Each structure stands twice: as structure tokens, then as C-alpha cells.
Amino acid sequence: MSNCLQSWPEPIVRVQGLSESGIREIPDRYVKRPSDRPCFKETTTLSSSSHVENIPLIDLANLNSSDESIRDETMELISKACREWGFFQVVNHGVSHELMANARSVWREFFHLPPEEKQKFANSPVTYEGYGSRLGVEKGGKLDWSDYFFLHYLPEPLRDYNKWPSLPITCRKIIGEYGQEVVKLGRKITNILSINLGLDENYLHTKFGGDNERGACLRVNFYPRCPQPDLTLGLSSHSDPGGMTLLLPDTDVPGLQVRRGDDWITVKPVPNAFIVNIGDQIQVLSNAIYKSIEHRVIVNSGQERVSLAFFYNPGGDILIQPAEELVTEDQPALYLPTTFNEYRAFIRTNGPRGKSQVESLKSPR
């Protein structure tokens, strides 16, 4: 990350502090261009609106069915979701519901600690680890209405418990257990994706670096109440730069929107489900059979939101390129090889920019 600033280009403003100060209008830094502002027509009548789609819902327990046709149908549903949506929700995924609830609740507690406690973990653009309030280092750039905490889980040499919150007291223990379980789920899903692509079931696992080199990190998002939610976003439109994301959303407050053609679909979280989405690295490895999809987060004036985005990634130094088995004369390699660390530097420097990053990797024809 030598091309990255060692510190933020201007003083950091905590969005939660702005929200709790009682302001009626948001500062100009958070006001998006009219074309980027959310449209609330569909989202305000979510429960009664028949034309709001939802992303596919997959019951992973069906993969263990004694009925082969149910197993095959479930694999096909996942394949279709990856090809047509880039997003799906999974239930009966093997992660304890109690652990999911505890993880969400301990992070909500963290964000409600006094500012000086959180400030002990303030981050910098060098690694992004810790308590942050911006993505990108452009001076004077537009900002999103959110604070976050970012930490590394894998590979193990990058895991530094001292950079994880020391309060609440149970936080480190819960994060450790949660990470362990979600990594298992990530492995299970990458195996399914590999098989569906016609590759060896360990293909993606191996390409990510196997047990010793694969990466995993957690970004916990805190979206405070916003007095003018129609002017801003909690997180600007982007596709995830990594391999795959397993999101634990807030149970009560929808906020995630997924691009579907020219529309934005507001995802209705299913209780005890993870929302899974394809990242740019799997788009590259699959030679665009599976595509990462743009998504963004809307905020609201009545309720705060907490969500946990667990990124399951290739190791940082591994060269990622389309799988040889998926490259043919008719379908040549669409992307130039690059390491995940080089790739990740883009969003860390420029902030979220739609799908412009993966498009820039396209190999010249």
C-alpha cells in the first residue's frame, strides 16, 4: 500500500456524533449528486408493494437431503442466483442463530460506547483496521452517512487481537467464534460455486490460497439516524472488491439495495439468514460467468442500523485471473491477472465507484 496516505487528508468527523448532535440538515459533504440519491417510491411501501422483488432464498439444509433431485435442484438454484442476481440469502447454513444475535448485539454496544473509548481504535488509510468513518482519501471528497469498524481475521499472521475492541468485555471472544463459523460457511459456499462452474470442488479454495493463505476480514457498519435520508447514502454504490461477502443484516431495518437493471431492489432480510454476494475476484476467476453486482445502502430518519459484512477473500499476494478451464476460443480471458492487494488499493484510495474498478481490468481485445 505504498501509494496510500499514512493518514487521512483532513480531520475525521464521526457520523454518529453528527446524528446525535440534533442537526436538522446534513453537511454538504454528505449530499449526493441528484443522480446518486436514493428513490424512496418503492421502499416506503415495501410490505404492500407487489412489484418489489426479493433476492433468491436458498435453504442449504436441502443439500443434505436423501433425495438426489432436491440436492440437484438446490445446486441449480444457487447456480441461477449467481448467474442472474449475484446475490442470494441462505438459511439453515450451520451458523448458530444465538451467535449471530450476540455478534450483532455486541457491535451495537460497541458503537454506543463513549466516543473516547472508540477513538482508542481509530484507523488510518494504511490498513483501514479499526474504527473509521470514511473510505477513500480524496481531500474534500463526498462522504457516506456511516461509521464502521474493520478488522482482519485471516490469514492468521494478519489477525491482531489488540486491534479488536477491548470493550464490551465479550467482544473479542464473540468476534473470534463468529469468524470461525462464518469462515466454515464461506468454504462450504465456495465449494458449491466451484462445482457449479464445472471445476474441481476445491478450485476456488485453492485459488484463494487454501487454509494458510486465504483472507477473511470483517467490516461492521453503523448507520446512524439521518435527518435527510433522501439526500445521502449510508454506503455509495459499489461492487465488493473481494471474493465473496457474507452479510449479517440488521433484523428490523432494511437498508441494502441491489442493482437490478436500471432499478434498485431493497432487500428484505429473512430472519437468521445471511445475504451472500459475489465479489469482483470471483467474477474474474469465473471469467464473468458469475458477476459481482452493484449495491448500496440507504439510511432513514427513524432508526439506526448495524450490519456485519464478512469478506471471504483470496490471499493478498496471489495472482487472480480467469480459470483456464473457463477460457475458450469463443470466450477468451476477459481480465488481466492482478493480485488482490493491488486490486484492493483502488477502493481504498478512491472510495466506492460503482463497477468502474473491475471494468478497468478488462484485457484489450
Side-chain angles (χ1 to χ4, degrees), residues 4-5 8-21 23 25-40 43 107-108 111 118 122-125 128-150 217-242 245 247 249-250 253-259 264 266-267 275 277 279 292-309 311 344 346-357:
C4 210
L5 287 178
W8 301 110
E10 53 218 337
I12 289 291
V13 175
R14 302 300 179 191
V15 177
Q16 188 176 3
L18 281 177
S19 172
E20 291 173 359
S21 73
I23 56 170
E25 292 183 6
I26 62 174
D28 190 53
R29 293 289 301 275
Y30 299 90
V31 176
K32 304 295 179 190
R33 294 178 309 183
S35 59
D36 293 335
R37 292 175 195 170
C39 169
F40 284 100
T43 59
W107 279 111
R108 196 182 296 277
F111 282 105
K118 293 178 287 195
N123 73 347
S124 82
Y128 271 85
E129 283 177 281
Y131 174 49
S133 296
R134 67 180 292 166
L135 190 54
V137 292
E138 180 194 347
K139 192 168 184 179
K142 288 289 182 191
L143 299 173
D144 288 333
W145 193 261
S146 56
D147 299 322
Y148 63 85
F149 199 104
F150 180 78
C217 43
L218 176 69
R219 178 181 151 123
V220 185
N221 304 297
F222 184 78
Y223 302 105
R225 289 189 291 270
C226 177
Q228 294 178 299
D230 52 328
L231 296 184
T232 191
L233 290 166
L235 194 52
S236 293
S237 169
H238 64 289
S239 60
D240 289 344
T245 305
L247 179 79
D250 201 300
V253 196
L256 175 67
Q257 291 192 323
V258 174
R259 185 184 274 287
W264 289 97
T266 302
V267 175
I275 297 170
N277 64 283
S292 60
I293 299 298
E294 273 181 84
H295 51 286
R296 67 185 189 183
V297 176
I298 55 173
V299 290
N300 73 77
S301 56
Q303 291 173 287
E304 67 183 36
R305 284 183 70 245
V306 175
S307 70
L308 283 65
F311 303 113
R344 175 159 58 183
F346 178 99
I347 194 167
R348 291 185 167 187
T349 306
N350 301 307
R353 298 273 176 103
K355 291 251 333 179
S356 60
Q357 184 180 6

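In this text the structure is predicted, and so the values were computed from the model without any measurement.
Between the Tyr148 side chain and the Tyr223 main chain, no donor and acceptor come within less than 3.5 Å of each other. Listed for the Trp145 side chain is no donor-acceptor partner under 3.5 Å among the backbone atoms of Asn300. With hydrogens and angles ignored, the 3.5 Å screen pairs no side-chain donor or acceptor of Arg305 with any backbone N or O of Pro224. Judged by distance alone, with hydrogens and angles left aside, the side-chain atoms of Lys139 form no donor-acceptor pair with the main-chain N or O of Trp8 at under 3.5 Å. Under the 3.5 Å distance criterion, the side-chain polar atoms of Ser133 are left unmatched by any main-chain donor or acceptor of Ile12.
Between Val297 and Ser146 there is no side-chain heavy-atom pair separated by less than 4.5 Å. The closest side-chain heavy-atom distance from Arg14 to Lys118 is not below 4.5 Å. Side-chain atoms of His295 and Asp240, non-hydrogen and from C-beta on, do get closer than 4.5 Å to each other. Taking 4.5 Å as the limit, every side-chain heavy atom of Ile293 sits out of range of all side-chain heavy atoms of Asn277. Two residues are said to be in side-chain contact when any heavy atoms from C-beta on lie closer than 4.5 Å; Ile26 and Cys226 meet this criterion. Residues Tyr30 and Val13 form a side-chain contact, since some pair of their non-hydrogen atoms from C-beta on lies under 4.5 Å apart.
Under the side-chain hydrogen bond (donor to acceptor under 3.5 Å, both in side chains) test applied with Glu304, the options Arg108, Gln16, Arg225 reduce to a single match, Arg108. The only option from Tyr128, Phe222, Trp107 that meets the ring-ring contact (aromatic ring centres under 6.0 Å, His included) definition with Phe149 turns out to be Trp107.
Closest approach of Asn221 to Ala309, counting heavy atoms only: ND2-CB, 4.3 Å.
Ser239 and Glu294 share no side-chain donor-acceptor pair at under 3.5 Å.
Here the CG atom belonging to Leu308 is positioned 10.0 Å from the CG atom belonging to Asp250, to the nearest 0.5 angstrom.
Listed by chain and residue number, nothing satisfies the salt bridge (Lys or Arg N to Asp or Glu O under 4.0 Å) test with Arg219 (two or more places apart in sequence, or in another chain).
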